[in-house]
Amino acid sequence: MQQKQALIVVDVQNDFCPGGALAVRDADAVISILNRYIGKFSQACLPVIATRDWHPAKTTHFKNFGGLWPAHCVQHTKGAEFHPGLNLGAEAIVVSKGTAPDEDSYSAFQGVDSSGVALTELLRQLGVETLYVGGLATDYCVKDTVLDGLKRGFKAVVLGDAIRGVDVHPTDSRQALAEMNDAGAITLNTIEESRL
Ligand code: VGL
Ligand code: ZN
């Protein structure tokens with residue numbers, strides 16, 4: 001595997017998985033695929049970054065306070081925990097986003113690590129050039145993270161079979177993938193993984 005790559009596992013949290021407050025259909029199907037990528041990246045000593053939606057109980061992101069969504073991924077709740085099936089090693093870097101009560105953004109580039117370092121800064125410090133992005137949800141956080149990454153000069157590879165979308169409208173995920181590809185992201189499916 002070439003160097004200067006990082007894996008970004010987006011928001012694989014209980015609330016986005018079956019039974020969660022904002023469950024994404026078939027979300028748990030991404031877990032075993034992402035576990036294999038996590039294994040590959042860890043083995044190659046390449047960074048693994050796990051993002052999480054990390055909201056306060058009151059935020060303009062939630063329906064009750066003027067936003068779009070039912071309450072989800074509230075800080076320190078079970079719903080905000082990573083799915084127990086996700087094998088994040090101790091070396092995984094956790095990036096939290098959506099933490100401000102007036103924040104209604106989706107991109108992981110709005111997030112910070114446990115020391116408050118922003119994602120762009122982290123990636124630059126690690127010498128990362130290419131982002132491999134999978135997780136939830138295709139039409140929100142995955143999309144905005146990939147588009148933001150491209151804007152900031154990173155190359156982006158979308159892990160095509162390791163993403164699932166909310167699909168408020170049935171074609172949202174398909175459109176999101178098309179938008180990411182139009183902006184310059186490549187899609188990789190595990191069948192083609194031998195390229196890594
Ligand atoms: C997300 C909806 C609401 C996401 C976060 O991470 O894709 N989607 N909050
Ligand atoms: Zn959210």
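Every number for a ligand or one of its atoms is a count from 1 in the order of the listing.
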Notebook entry, point to check: Asp53: which N/O/S atom is nearest the Zn ion (ligand 2)?
Noted result: OD2
Between the side chains of [X] and [Y], does any donor sit under 3.5 Å from an acceptor?
X	Y	value
His83	Asn14	no
Asp167	His169	no
Ser107	Asp148	yes
Asp102	Thr60	no

Margin query: Can you confirm whether Arg25 is buried at CZ, in the sense that more than 12 heavy atoms of other residues, nucleotides or ligands lie under 6.0 Å from that atom?
Written below: no
Next item on the list: Give yes or no for whether the N/O distance cutoff of 3.5 Å, strictly under, is met between Ala137 and ligand 1.
Entry: yes
Checklist line | Close N or O approach (His61, ligand 1; < 3.5 Å) | finding: yes
Which residue owns the protein heavy atom closest to [atom], what's the atom, and how far is it?
atom	result
atom 5 (C) of ligand 1	Asp53 OD2, 3.0 Å
atom 1 (C) of ligand 1	Phe16 CZ, 3.7 Å
atom 6 (O) of ligand 1	Asp11 OD2, 2.5 Å
atom 8 (N) of ligand 1	Tyr140 CB, 3.7 Å

Next item on the list: Compute the angle centred on the Zn ion (ligand 2) spanning NE2 of His61 and NE2 of His55, and express it rounded to 10 degrees.
Entry: 90°
Notebook entry, point to check: Can Lys97 be said to touch ligand 1, with heavy atoms closer than 4.0 Å?
Noted result: yes
Notebook entry, point to check: How about His72 and Phe62: are their ring centroids closer than 6.0 Å?
Noted result: yes
Next item on the list: Could you tell me whether Trp54 and His76 have their ring centroids closer than 6.0 angstrom?
Entry: yes
Check: Can you tell me if Cys73 has an N, O or S atom under 2.8 Å away from the Zn ion (ligand 2)?
Finding: no
Next item on the list: Output yes if Cys141 passes the N/O/S-under-2.8 Å test against the Zn ion (ligand 2); output no otherwise.
Entry: no
Item checked: Subset of ligand 1 atoms that lie under 4.0 Å from at least one heavy atom of Tyr106 -> 1 (C), 2 (C), 3 (C), 5 (C), 9 (N)
Item checked: Subset of ligand 1 atoms that lie under 4.0 Å from at least one heavy atom of Cys141 -> 4 (C), 6 (O), 7 (O)
Item checked: Atom pair CD1 (Ile93) and CG (Leu126), whose distance is rounded to the nearest 0.5 Å -> 5.0 Å
Margin query: Using 30° and 60° as the class boundaries, would you call the ring planes of Tyr140 and Trp69 parallel, tilted or perpendicular?
Written below: perpendicular
